[in-house]
There are 2 protein chains.
Amino acid sequence: MTVSTLTAPESEDALDLLETGFKQSGMLTLVGRCEVDYEGRATSHLPPGDRLVILKSDGTLLVHRDEQRTPVNWQPPGCTHTACLDDDRLIVESTRTTPHEEVTITFDTLDQVSLVELDDASDLSLEGSEEDLRQRILADPDVLEAGFQPQMTERETAAGAVDIYGKDADDTPTIVELKRRRVGPDAAGQLNRYVDALERDLSAERTVRGILVAPSVTQRAEELLTTEGLEFVSLSPETADSAHSTRLTDFETDR
Amino acid sequence: MTVSTLTAPESEDALDLLETGFKQSGMLTLVGRCEVDYEGRATSHLPPGDRLVILKSDGTLLVHRDEQRTPVNWQPPGCTHTACLDDDRLIVESTRTTPHEEVTITFDTLDQVSLVELDDASDLSLEGSEEDLRQRILADPDVLEAGFQPQMTERETAAGAVDIYGKDADDTPTIVELKRRRVGPDAAGQLNRYVDALERDLSAERTVRGILVAPSVTQRAEELLTTEGLEFVSLSPETADSAHSTRLTDFETDR
DNA sequence: GTCTATATCTCGAAC
DNA sequence: GTTCGAGGTATAGAC
């Protein structure tokens, strides 16, 4: 790895390093007092202040303040970065098309500019995703409900693809919607759309069961499930926890 | 603004600067070869590679690769950062509670460590949000539909708060759901939940109209609107376009 | 390219 | 604290 750093550089020297970085496809970081203008999907203006600006080799731009996880301004990968001088002030621009978006950063002062080459061939491995929850149910369908038989994942309906489609112990068509964390009304509405669509698709008076699988539900989501005749089963992506399932209509008798 | 930078430092010197930064509540940046472990809402492991690590004074942690807009690992504001040495390797930890989450970064090599104080009192101003679309309709309800009368924003129903509630020219209760950009099935489902809930709330055979306002809709969302008896009106947050087209004649007669 | 849904989403506001 | 919905969401997968 190589690091080239300028401390409190003149604009001209900063520009040189930036243009070197654009050619070498390295990552550039700038610290200084700047103002930021954005125009594209929306429009924004950020008055002068101290920020950390990051220009990645893939065309990503990040402008970070000393607070928040989210950058105050940014540009997604694929953008074209350019830099120039205007009356001795360094100006960095990032543009893209489809949609047209443009971020302009005007520096009053520069405290540090660095060019870094980052070698990174590793991939992140992550556990606890919705996919893990799917695998858990497919590996042992009984954790969902005794006698459940998965038949398809991503089964298409007029309203979209269903996470798991199968039949219950009574051979009733069953739609399973998976969420890795506690769910609100949106997930209940999503499942409801799938059930409605599949009942139309099957064009029969046959009932389709809809089961929402998540660690837990909010009160309002639970009400929605009840009024729509949908069900809930508590399951987490982690295999550690055991399945504790409850049908909403049976709440009172269960407890 | 003050910047203190160490280039290819020994672990001990890096640790000193980190602890200075933790006390001063400045922003710390580290560049080096490291591996990252995360445990909390999910679990992840990132094998060794070169990355840029940012520790903000508000407790935010960011681990950035040379690609992507999203950090490969992170911690939200409010976390506690600590650093220590293990067999001459620098280890940075970030923890929080509720929920318990922990990120551990183990550095093989350090190429640069910086401590920066960022003064930034400015606020971002942004135009083109859903709020702008709301203001546009409230300022001139006719852009939605001739005779529409807004009565409440954020009107509560059993399914949640409605963006704009009002009456149309025939005094029919009308729910307006606003989106600043092209919408998919989720927005149609959201509007549908509100309409269903309000019809139950009013407990009458009275029909409630539901109008989705957005620049455009996807095909599937349009189908959903149709089957649910909902409507769509094309409007954007920007006042420039349509105020121009729709109201120009009125403006002229007004003046 | 568009569409659809997930995400350790983040963030703010309301209760 | 939880809940809910917006976001210039970003990102991946499918078509």
Side-chain angles (χ1 to χ4, degrees), chain A residues 38-44 60-62 67-78 96-103 124 126-131 133-134 154 156-157 159-163 177-187 189-190 193-194 216-222 237, chain B residues 36 38-44 60-61 63 67-79 96 98-103 124 126-131 133-134 154 156 159-163 177-187 189-190 193-194 216-222 237:
Chain A
Y38 158 72
E39 183 155 1
R41 285 169 289 177
T43 301
S44 74
T60 299
L61 166 71
L62 304 169
E67 289 183 334
Q68 301 280 68
R69 211 223 63 157
T70 305
V72 62
N73 280 110
W74 71 90
Q75 209 64 304
R96 71 155 167 165
T97 49
T98 60
H100 174 74
E101 292 195 295
E102 191 169 337
V103 170
L124 182 79
L126 187 140
E127 291 163 59
S129 64
E130 181 181 303
E131 175 60 21
L133 179 55
R134 174 185 287 109
E154 300 300 313
E156 281 296 336
T157 72
V162 164
D163 283 339
E177 174 63 30
L178 309 172
K179 295 294 171 191
R180 68 170 301 283
R181 61 170 194 171
R182 182 171 174 84
V183 292
D186 53 341
Q190 192 182 347
R193 296 202 306 274
Y194 296 153
S216 57
V217 266
T218 66
Q219 180 60 36
R220 193 169 274 168
E222 191 179 315
Chain B
V36 187
Y38 158 72
E39 184 156 1
R41 286 168 289 177
T43 301
S44 74
T60 299
L61 166 72
V63 182
E67 290 183 332
Q68 300 280 74
R69 210 221 66 154
T70 305
V72 62
N73 281 110
W74 71 89
Q75 210 61 310
C79 292
R96 70 155 167 165
T98 57
H100 175 73
E101 292 196 295
E102 191 169 337
V103 170
L124 181 79
L126 187 139
E127 291 164 57
S129 65
E130 182 182 302
E131 175 60 20
L133 178 55
R134 174 185 288 112
E154 300 300 313
E156 282 294 336
V162 165
D163 282 339
E177 173 63 29
L178 309 172
K179 295 295 171 189
R180 66 170 302 281
R181 59 172 192 172
R182 183 172 174 85
V183 292
D186 52 342
Q190 192 182 343
R193 295 201 305 274
Y194 295 152
S216 57
V217 266
T218 66
Q219 179 60 38
R220 193 168 272 167
E222 193 179 318

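Just so it is clear: chains get the letters A, B, ... in the order the sequence lines come, proteins before strands, and each one is counted from 1.
Taking only side-chain nitrogens and oxygens, B/Arg182 never comes nearer than 4.0 Å to OP1 or OP2 of C/dT2. In this structure, A/Thr70 reaches the C/dC11 phosphate: one of its side-chain N or O atoms is under 4.0 Å from OP1 or OP2.
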Each nucleotide N or O in nucleotides 12-15 of chain C that has a protein N or O under 3.5 Å away: list the pair and distance.
residue, atom, partner, partner atom, Å
C/dG12, OP1, A/Gln68, NE2, 3.3

Please list each protein N or O that sits under 3.5 Å from an N or O in nucleotides 4-7 of chain D, with the distance.
residue, atom, partner, partner atom, Å
D/dC4, OP2, A/Thr218, OG1, 2.6
D/dG5, OP1, B/Tyr194, OH, 2.9
D/dA6, OP1, B/Glu177, OE2, 3.0
D/dA6, OP1, B/Lys179, NZ, 2.9
D/dA6, OP2, B/Lys179, NZ, 2.6
D/dG7, OP1, B/Glu130, N, 3.0

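Taking atom CD of A/Gln75 as the reference point, atom P of D/dT11 lies 12 Å away to the nearest angstrom. If you take CD of B/Glu101 and P of C/dA7, they are 15 Å apart, rounded to a whole angstrom. Rounded to a whole Å, the CG atom of B/Leu124 is 14 Å from the P atom of D/dT9. Counting to the nearest Å, the C1' atom of C/dC9 and the OH atom of B/Tyr38 are 11 Å from each other. Straight-line distance from the CG atom of A/Asn73 to the C1' atom of D/dA10: 16 Å, rounded to whole Å. If you measure from atom CZ of B/Arg41 to atom C1' of C/dT8, you get 4 Å, rounded to the nearest angstrom. Between the NE2 atom of A/His100 and the C1' atom of D/dG8 there is a distance of 13 Å, rounded to whole Å. Note: CD (A/Glu154) to C1' (C/dT6) measures 11 Å, nearest angstrom.
Using modelled atom types and a 3.5 Å distance limit, the side chains of B/Tyr38 and B/Glu101 yield a donor-acceptor pair.
No engagement by B/Pro99 is indicated, since no non-hydrogen atom pair under 4.0 Å with the nucleic acid exists. Contacts of A/Pro71 with the nucleic acid, taken as non-hydrogen atoms under 4.0 Å apart, are absent.
Within 6.0 Å of CD on A/Glu39 lie no more than 12 heavy atoms contributed by other residues, nucleotides or ligands.
No donor-acceptor distance shorter than 3.5 angstrom exists from the side chain of A/Arg180 to the backbone of A/Leu133, with no hydrogens or angles considered.
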(Q) Between A/Ser216 and A/Arg182, is the side chain to side chain donor-acceptor pair (under 3.5 Å) condition met? List the steps. (A) CA-CA 5 Å; A/Ser216 57; A/Arg182 182 171 174 84; 3.0 Å; yes
Q: Start with the C-alpha distance between B/Arg134 and B/Glu154, add both sets of side-chain angles, then the distance that settles salt bridge (charged side-chain N to carboxylate O under 4.0 Å, His left out), and finish with yes or no.
A: CA-CA 11 Å; B/Arg134 174 185 288 112; B/Glu154 300 300 313; 3.2 Å; yes
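Spacing of C1' atoms, C/dA7 relative to C/dC11, comes out at 14 Å, to the nearest Å.
Take the nearest nucleotide of DNA chain C for A/Thr98 and for B/Ala42: the residue whose nucleotide is more 5' is A/Thr98.
When distances run from any side-chain atom of B/Arg69 to the nucleotides C/dT10, D/dG8, D/dT11, the shortest one goes to D/dT11.
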